[in-house]
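One structure is given here, and the rest of the page talks about it.
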There are 2 protein chains.
Amino acid sequence: MLNQTVPLDRVFHALADPSRRGMVERLSRGPASVGELARPLAMSLPAVVQHLAVLEGSGLVRSEKVGRVRVCRIEPAALGTAERWIAERRTLWEHRLDRLGDLLAEDADASHRGRES
Amino acid sequence: MLNQTVPLDRVFHALADPSRRGMVERLSRGPASVGELARPLAMSLPAVVQHLAVLEGSGLVRSEKVGRVRVCRIEPAALGTAERWIAERRTLWEHRLDRLGDLLAEDADASHRGRES
DNA sequence: CATATACTTAAGCATATGCTTAACCAAACC
DNA sequence: GGTTTGGTTAAGCATATGCTTAAGTATATG
């Protein structure tokens with residue numbers, strides 16, 4: 001498994017901003033133009049375009065130009081990468097807690113039997 | 001559902017750095033001291049402590065001092081928050097794709113029946 | 001053809017981030 | 001009590017981020 005650190009950096013960084021998460025949220029309900037993405041945000045259009053560039057750079061969003069409007073859509077794969085990383089860490093400490101639980105159980109068991117070992 | 005935007009900002013920002021993810025990864029296998037966390041990283045101890053502060057600020061990690069060594073542990077809840085946010089977005093566009101699939105199915109159905117509507 | 005619309009590009013700026021080194025503090029060791 | 005060990009605090013600095021305004025381009029629309 002290749003150590004793909006760069007995309008994770010970009011995906012998590014992209015998600016670390018509430019405006020960008022708002023855009024992802026909007027796009028998860030369906031495609032939208034830059035103007036539509038900008039409407040709910042209290043900032044200039046160029047600022048929104050910069051956020052969009054971060055999202056595209058992370059692979060979370062892709063866009064194409066149709067006439068004079070740019071249509072943006074979500075790109076599920078990148079979100080999956082982030083979700084998977086988190087899930088893997090969770091699995092690790094869950095297993096660790098399992099082993100800890102086993103140890104405690106053994107311990108309890110041992111003390112019932114009169115603390116051998 | 002309260003709009004808890006601040007912790008998500010911090011959690012995603014904390015995860016956006018490979019050194020910090022490395023620390024989380026290490027801690028997901030069990031508690032560690034600051035020195036242990038620093039060992040694999042090519043940077044000064046104060047830099048590591050600053051990363052640790054970011055992780056603690058996000059709620060991903062908590063630590064306590066035992067004698068002269070600081071013991072750090074992972075805090076599962078924060079990771080869960082991030083995972084949940086992503087999962088919710090995924091659910092949204094999956095449902096959207098379902099509806100889209102329904103539409104296409106209806107469409108195909110309609111064209112079989114001779115393109116009504 | 002003229003004008004409005006929907007971006008796009010460029011430049012500039014304030015603040016935040018990610019380090020560094022130097023100096024300091026307190027628990028453990030000899 | 002002196003020294004090593006493990007961490008902490010402070011200051012400084014280079015670069016990155018997140019905006020802004022101003023000006024430009026290309027596609028509709030009347």
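Lettering follows sequence order; numbering is per chain, from 1.
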I want to verify a distance call: between [options], whose nearest atom is closest to the [X] side chain?
| X | options | answer |
| --- | --- | --- |
| A:Ser33 | C:dT21, C:dC7, D:dT20 | C:dC7 |
| B:His13 | C:dT17, D:dG18, D:dT20 | C:dT17 |
| B:Ala47 | D:dG7, C:dT20, D:dT21 | C:dT20 |
| B:Arg68 | C:dT17, C:dT5, D:dG6 | D:dG6 |
| B:Gln50 | D:dT9, C:dT9, C:dC19 | C:dC19 |
| B:Leu45 | C:dT21, C:dC7, D:dG7 | D:dG7 |
| B:Val34 | C:dT21, D:dG7, D:dT20 | D:dG7 |
| A:Val69 | D:dT21, C:dA6, D:dG7 | C:dA6 |

It should be established whether [X] places a side-chain nitrogen or oxygen under 4.0 Å from OP1 or OP2 of nucleotide [N].
| X | N | result |
| --- | --- | --- |
| A:Lys65 | C:dT8 | yes |
| B:Arg20 | C:dG18 | yes |
| B:His51 | C:dC19 | yes |

Between OG1 on residue B:Thr81 and CD1 on residue B:Ile86, distance to nearest 0.5 Å |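 With rounding to 0.5 Å, OG1 (B:Thr81) is 11.5 Å from CD1 (B:Ile86).
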Look at all strands and tell whether A:Ser19 reaches a base, only sugar-phosphate, or nothing, counting heavy atoms closer than 4.0 Å.
->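 The residue A:Ser19 makes no contact with any strand.
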